[in-house]
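Inspection log for the structure reproduced underneath, given as structure tokens.
A note on names: the letters A, B, ... follow the listed sequences, proteins ahead of strands, and every chain is numbered from 1.
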Amino acid sequence: MHTIDVPEFRTLMLGWYKHHARILPWRAKFGEFPNPYHEWLSEIMLQQTVVKAVIPYFHRFTEIWPGIEDLAAAPLEYVMKEWAGLGYYARARNLHKCAQVVTAQHDGLFPQDEKELKTLPGIGPYTAAAISAIAFGNPAVVMDGNVERVVARLFAHEAPLKEKESKKALYAYTASLTTPQSDHHAEFAQAMMELGALICTPTSPQCGLCPVRNYCKSAATGRQDQIPIKALKTPKPQRYGAIFFIERKKKDQKELLLERRPHKGLLAGMVGFPGSLWEVSSPRIEDFPGAPIPGFEVRHTFTHFHLSLQGYIVPYESLATDLAANCFWHNISECDTIGLPSLYKKAFQQYMKYRQVK
DNA sequence: AATCCGGGGCG
DNA sequence: CGCCCAGGATT
């Protein structure tokens with residue numbers, strides 16, 4: 001490990017952070033105490049998710065559920081509905097579960113200890129350290145994707161980030177900067193992440209604006225664009241399927257059939273439209289009861305595959321099968337507010353458009 | 001250690 | 001469009 005004047009490094013980072021930190025709804029203003037509930041909620045929402053996407057959700061959640069006890073008392077379906085569109089829906093289940101555990105077993109107060117935090121649902125190594133440092137000012141070693149990149153460049157760590165050895169090395173580097181005897185641990189942890197988000201970006205880092213450029217081994221040799229080394233990505237397979245818009249007249253209104261998805265797997269527990277399985281080749285039209293006419297194509301990309309769905313409009317009268325138990329009718333004008341994940345929201349919009357034209 | 005989980009912004 | 005990004009749970 002090479003030599004960094006840690007007190008000097010921290011002073012530079014804290015000075016930069018004080019002037020350049022973004023004002024965010026969950027961030028404590030200067031001189032104010034952080035709200036652990038807000039801090040936790042934002043950290044869960046920010047997992048694998050960009051700040052801009054989180055802001056409206058954070059406002060909505062804190063408006064509906066001002067305290068953790070309120071969230072704990074809410075029905076899970078309501079939480080899932082409000083989470084719809086944010087993705088990684090297991091986070092919403094864990095969020096709700098965590099709120100219940102903290103309310104019931106910790107008197108509504110988050111534990112300050114990293115190890116204890118890590119036992120809570122949805123809280124892993126990163127989030128435990130972040131809450132301990134940011135909400136409670138502890139010298140926890142906070143390492144997210146941003147910090148990994150920052151220290152990899154600072155110390156010119158050449159090995160690909162995926163390796164376990166890399167994680168350990170980067171953790172040691174971060175720990176070497178997280179000296180317990182210093183102060184402002186909450187601000188320092190956020191400063192490291194903020195630097196990664198604003199200056200030390202994945203592509204085209206703004207080294208000219210970096211407060212600690214003089215400490216950066218990568219910038220010294222002009223290698224900041226080569227570090228960290230990215231692992232090669234596996235190609236995404238294509239999958240195909242069918243999606244059904246099953247219509248029923250209800251007085252002078254029209255209704256669509258929706259289904260609650262199983263509580264495990266993709267889009268677990270979310271509401272969607274019925275359809276076929278998604279497989280490597282397209283399902284055959286004649287396999288469907290009533291042999292509907294295909295209407296339009298819905299494309300969507302998930303983390304690990306591309307999906308192409310054929311949209312079918314099906315009059316309920318022509319349906320030759322019984323409805324599954326997890327299906328229910330819903331007024332067509334209220335489908336956009338029921339809390340659909342993005343795939344189904346997109347599919348519904350295309351359905352509405354296609355229906356108007358037709 | 002490897003795999004499964006979404007979604008949106010940007011070039 | 002394709003490409004890129006970012007943690008936790010599960011097995």
Working note: A/Thr174 + A/Val142, criterion side chain to side chain contact (heavy atoms under 4.5 Å, CB included); need CA distance, chi angles, decisive distance, verdict.
CA-CA 8 Å; A/Thr174 308; A/Val142 180; over 6 Å; no
Interatomic distance, [X] [atom1] vs [N] [atom2] [rounded to whole Å]:
| X | N | atom1 | atom2 | value |
| --- | --- | --- | --- | --- |
| A/Arg239 | B/dC5 | CZ | P | 8 Å |
| A/Ile131 | C/dG8 | CD1 | C1' | 13 Å |
| A/Ile44 | C/dG7 | CD1 | C1' | 9 Å |
| A/Trp40 | C/dG7 | CH2 | P | 18 Å |
| A/Lys167 | B/dA2 | NZ | P | 13 Å |
| A/Leu95 | C/dA9 | CG | P | 12 Å |
| A/His304 | C/dT10 | NE2 | C1' | 14 Å |
| A/Lys230 | C/dC4 | NZ | C1' | 10 Å |

How would you label the contact of A/Arg149 with the nucleic acid (heavy atoms, under 4.0 Å): base, sugar-phosphate, or nothing?
sugar-phosphate
So how far is it from A/Phe245 CZ to A/Leu258 CG, rounded to the nearest 0.5 Å?
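Between A/Phe245 CZ and A/Leu258 CG, I get 9.5 Å after rounding to 0.5 Å.
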Spacing of A/Arg260 atom CZ and A/Phe328 atom CZ [to the nearest 0.5 Å]
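Answer for the CZ-CZ pair, A/Arg260 versus A/Phe328, is 6.0 Å.
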Nearest heavy atom decides the nucleotide; on that basis, is A/Asn146 or A/His306 closer to the 5' end of DNA chain C?
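By nearest-heavy-atom nucleotide position, the 5'-most residue is A/His306.
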What are the atom names and distances for every N/O pair under 3.5 Å that joins the protein to nucleotides 7-11 of chain B?
| unit_1 | atom_1 | unit_2 | atom_2 | d |
| --- | --- | --- | --- | --- |
| B/dG7 | OP1 | A/Tyr89 | OH | 2.4 |
| B/dG7 | OP1 | A/Ser342 | N | 2.9 |
| B/dG7 | OP2 | A/His300 | NE2 | 3.4 |
| B/dG7 | O5' | A/Ser342 | OG | 3.4 |
| B/dG7 | O3' | A/Gly85 | O | 3.3 |
| B/dG8 | OP2 | A/Ser342 | OG | 3.4 |

Within a 6.0 Å radius of atom CG on A/Asp5, are there more than 12 heavy atoms belonging to other residues, nucleotides or ligands?
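Atom CG in A/Asp5 is crowded, with more than 12 foreign heavy atoms closer than 6.0 Å.
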What's the closest nucleotide to the side chain of A/Asn94 if the choices are C/dA9, C/dC5, B/dC4?
C/dA9
When you group the ILVMFWY residues by side-chain heavy-atom contacts below 4.5 Å and let the links chain together, are A/Tyr78 and A/Leu41 in the same group?
yes
Within less than 4.0 Å of OP1 or OP2 of C/dG8, is there a side-chain N or O belonging to A/Thr127?
yes
When the P atoms of C/dC5 and B/dC5 are considered, how many whole Å apart are they?
23 Å
Please determine whether side chain to side chain contact (heavy atoms under 4.5 Å, CB included) holds for the pair A/Glu43 and A/Tyr126, giving the CA-CA distance in whole Å, both sets of side-chain angles, and the decisive distance to 0.1 Å.
CA-CA 9 Å; A/Glu43 288 298 346; A/Tyr126 160 72; 2.7 Å; yes
I'd like to know if A/Glu187 pairs up with A/Lys18 as an ion pair, taking the criterion as any Lys NZ or Arg NE/NH1/NH2 lying under 4.0 Å from an Asp or Glu carboxylate oxygen.
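No salt bridge links A/Glu187 with A/Lys18.
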